[in-house]
Amino acid sequence: MFKAILINKDDSGYQCQLTEVDEAQLPEGDVLVEVEYSTLNYKDGLAITGKSPVVRRFPMVAGIDFSGKVIESQHPNFAPGDDVILNGWGVGETHWGGLAERACVKGDWLIKRPASLSSQDAMAIGTAGYTAMLCVQAIQRAGVTPESGPVLVTGANGGVGSFALRILQRLGYEAWASTGRMDEAEHLKAIGATDVIDRAELSEPGRPLQAERWAAAIDSVGSHTLANVCAQIKWGGAVAACGLAQGMDFPSTVAPFILRGVTLYGVDSVMQPVAMREQAWAALAEIFNEESLAQITEVIPFEQAIPAAHDLLAGKIRGRVAVKIK
Ligand code: NDP
């Protein structure tokens with residue numbers, strides 16, 4: 001038996017509890033992992049509270065990411081004792097996830113944890129930090145360098161946004177934050193923002209082309225914000241879009257793309273090929289260490305994960321939450 005956050009849906013409704021599960025019920029996979037840490041992402045909050053149909057199969061073990069140690073492996077790349085990380089691949093949605101003492105997954109989904117990051121560090125970074133790095137690497141591939149000019153980060157107080165600010169600053173970029181919480185401006189400057197703008201400047205319908213302001217942007221907001229951001233990108237610049245905090249719509253025109261050569265990169269962390277994951281995690285390991293991550297992370301015991309997920313959706317949590325599974 002092992003402990004897991006199990007989600008069920010039947011005639012009596014949606015239930016989520018920390019409970020004992022029989023190891024024989026684990027889904028098919030060629031690697032068995034002892035999970036050491038998981039984390040709480042927005043998606044986990046939705047799954048645990050049942051506020052959105054994130055979970056596609058029942059019963060489901062929650063947790064879209066984890067770090068842990070391989071116990072058994074039939075996969076050629078992994079052996080017992082290996083330290084591994086998993087992000088995405090539908091884990092916690094269609095395949096049993098990481099908020100559990102055991103996970104059985106496809107070896108093709110795993111990457112080896114960089115040696116300089118502890119298991120706790122990896123989940124302090126979590127899917128938010130990994131997605132932020134994928135976004136930064138996308139604008140780098142577009143040729144945007146620190147000399148190109150300022151880079152705007154929207155949803156700056158969020159998990160992805162705050163990691164994007166930290167990464168950009170460490171790489172020498174002038175990062176600007178867009179936020180709805182202007183009272184957090186000093187905090188945003190402390191973690192890497194050169195300056196802060198009110199997200200209200202971007203959230204309403206705007207003109208298709210506006211004054212060229214940013215060399216690039218990292219957007220976790222979507223909707224009018226993304227459209228206005230694209231309209232403000234300098235000639236030849238790039239936008240990495242990964243989120244929909246404002247909305248799924250994208251009410252833009254082709255003007256920024258055909259008149260200013262702007263590139264819009266879509267970033268999907270879930271199905272990202274392994275080589276790109278490894279690059280992102282290697283780059284994260286160069287930037288973050290135990291000390292820098294400890295400042296932004298609260299480590300909670302497994303027993304507190306469900307109440308903390310409710311707090312997360314209620315906007316009561318600032319910074320990262322790493323869930324210590326054992
Ligand atoms: P968080 O909830 O931590 O942060 C989202 C931030 O967006 C908020 O902190 C807020 O920032 C801003 N925001 C919220 N509502 C609005 C609104 N109505 N209008 C404008 N801004 C708003 O989420 P994450 O950072 O974890 O994720 C951000 C987005 O990225 C989500 O949509 C998530 O689903 C997506 N995502 C996508 C991934 C992918 O693979 N593509 C992976 C991970 C996340 P502030 O207070 O500063 O304004």
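Side chains included, hydrogens not; waters and symmetry mates left out as well; all remaining heavy atoms used. First listed ligand is number 1; within each ligand, the first listed atom is number 1.
Within the 4.0 Å heavy-atom cutoff, V267 counts among the residues contacting ligand 1. Not close to ligand 1: S203, with no non-hydrogen atom less than 4.0 angstrom away.
N41 and D65 share a donor-acceptor pair across their side chains, judged by distance under 3.5 Å alone.
Proximity to V221 (heavy-atom distance under 4.0 Å) selects the following atoms of ligand 1: 20 (C), 21 (N). Distances below 4.0 Å separate heavy atoms of N157 from the following atoms of ligand 1: 9 (O), 45 (P), 46 (O), 47 (O). Heavy-atom contacts of G243 reach the following atoms of ligand 1: 29 (C), 30 (O), 32 (O), 35 (C) (cutoff under 4.0 Å). For ligand 1, the atoms sitting less than 4.0 Å from at least one non-hydrogen atom of T131 are 38 (C), 42 (C), 43 (C), numbered in the order shown with element in parentheses. Numbered from 1 in the order shown, with element, the atoms of ligand 1 that lie under 4.0 Å from a heavy atom of A156 read 47 (O). If you number the atoms of ligand 1 from 1 as listed, the ones under 4.0 Å from a heavy atom of Y42 come out as 2 (O).
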_Checking Q246 against T225 for the side-chain hydrogen bond (donor to acceptor under 3.5 Å, both in side chains) test, could you report, in this order, the C-alpha distance in whole Å, the side-chain angles of both residues, the deciding distance, and whether it holds?_
CA-CA 8 Å; Q246 184 182 4; T225 299; 2.5 Å; yes

*side chain to side chain contact (heavy atoms under 4.5 Å, CB included) between V70 and E34, worked out*: CA-CA 6 Å; V70 172; E34 176 180 36; over 6 Å; no

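Residue A128 has no N or O atom closer than 3.5 Å to an N or O atom of ligand 1. For ligand 1, one of its N or O atoms has an N or O atom of S269 under 3.5 Å away. The N/O atoms of G161, backbone and side chain alike, include none that comes under 3.5 Å of an N/O atom in ligand 1. In terms of polar-atom proximity, defined here as any N/O pair under 3.5 Å, R181 does make such a contact with ligand 1. In terms of polar-atom proximity, T179 is counted as a contact of ligand 1, with an N or O under 3.5 Å from an N or O of the ligand. Note: no N/O pair closer than 3.5 Å links Q246 and ligand 1 by distance alone.
Formation of a donor-acceptor pair under 3.5 Å by the K9 side chain with backbone atoms of R57 is not found in this model. A donor-acceptor pair is defined here as one N or O able to donate and one able to accept, closer than 3.5 Å; such a pair exists between the side chain of S73 and the backbone of F78. Remark: the backbone N or O of E201 is not paired with any side-chain donor or acceptor of D198 at under 3.5 angstrom. Between the side chain of R56 and the main chain of P53, a donor-acceptor pair closer than 3.5 Å is present.
By heavy-atom distance, the residue among A245, G159, S223, A164 lying nearest atom 3 (O) of ligand 1 is G159. The option from G266, S220, A200 that lies nearest to atom 28 (C) of ligand 1, judged by heavy atoms, is S220. Across V270, L188, L244, heavy-atom proximity to atom 31 (C) of ligand 1 is greatest for L244.
The shortest contact between atom 4 (O) of ligand 1 and any protein heavy atom is with G158 CA, 3.1 Å. In this structure, atom 11 (O) of ligand 1 lies nearest to the protein heavy atom G155 CA, 3.5 Å. Among all protein heavy atoms, the one lying closest to atom 25 (O) of ligand 1 is V160 N, 2.8 Å. The protein non-hydrogen atom at the shortest distance from atom 38 (C) of ligand 1 is C242 O, 3.7 Å. For atom 16 (C) of ligand 1, the nearest non-hydrogen atom of the protein is R199 NH1, 3.6 Å.
Separation of atoms CG (L244) and CG (L226) is listed at 10.5 Å; rounding is to 0.5 Å.
L99 and V21 end up in different hydrophobic clusters when Ile, Leu, Val, Met, Phe, Trp and Tyr side chains are linked at under 4.5 Å.
Under 4.0 Å is where a charged nitrogen must lie from a carboxylate oxygen, and between K326 and E36 no such pair does. The pair E72-R102 does not count as a salt bridge, with every side-chain nitrogen at least 4.0 angstrom from each carboxylate oxygen.
In this structure, Y130 and W281 have parallel ring planes: the angle between them is below the 30° cut-off, well short of the 60° mark. Ring orientation note: the planes of W109 and W89 are close to parallel, at an angle under 30° on the 30°/60° scale.
At a 4.0 Å heavy-atom cut-off, ligand 1 does not touch N41 at all.
Protein heavy atoms all stay at least 4.0 Å away from atom 33 (C) of ligand 1.
Heavy-atom minimum distance, G161 versus V153: O-CG1, 3.5 Å.
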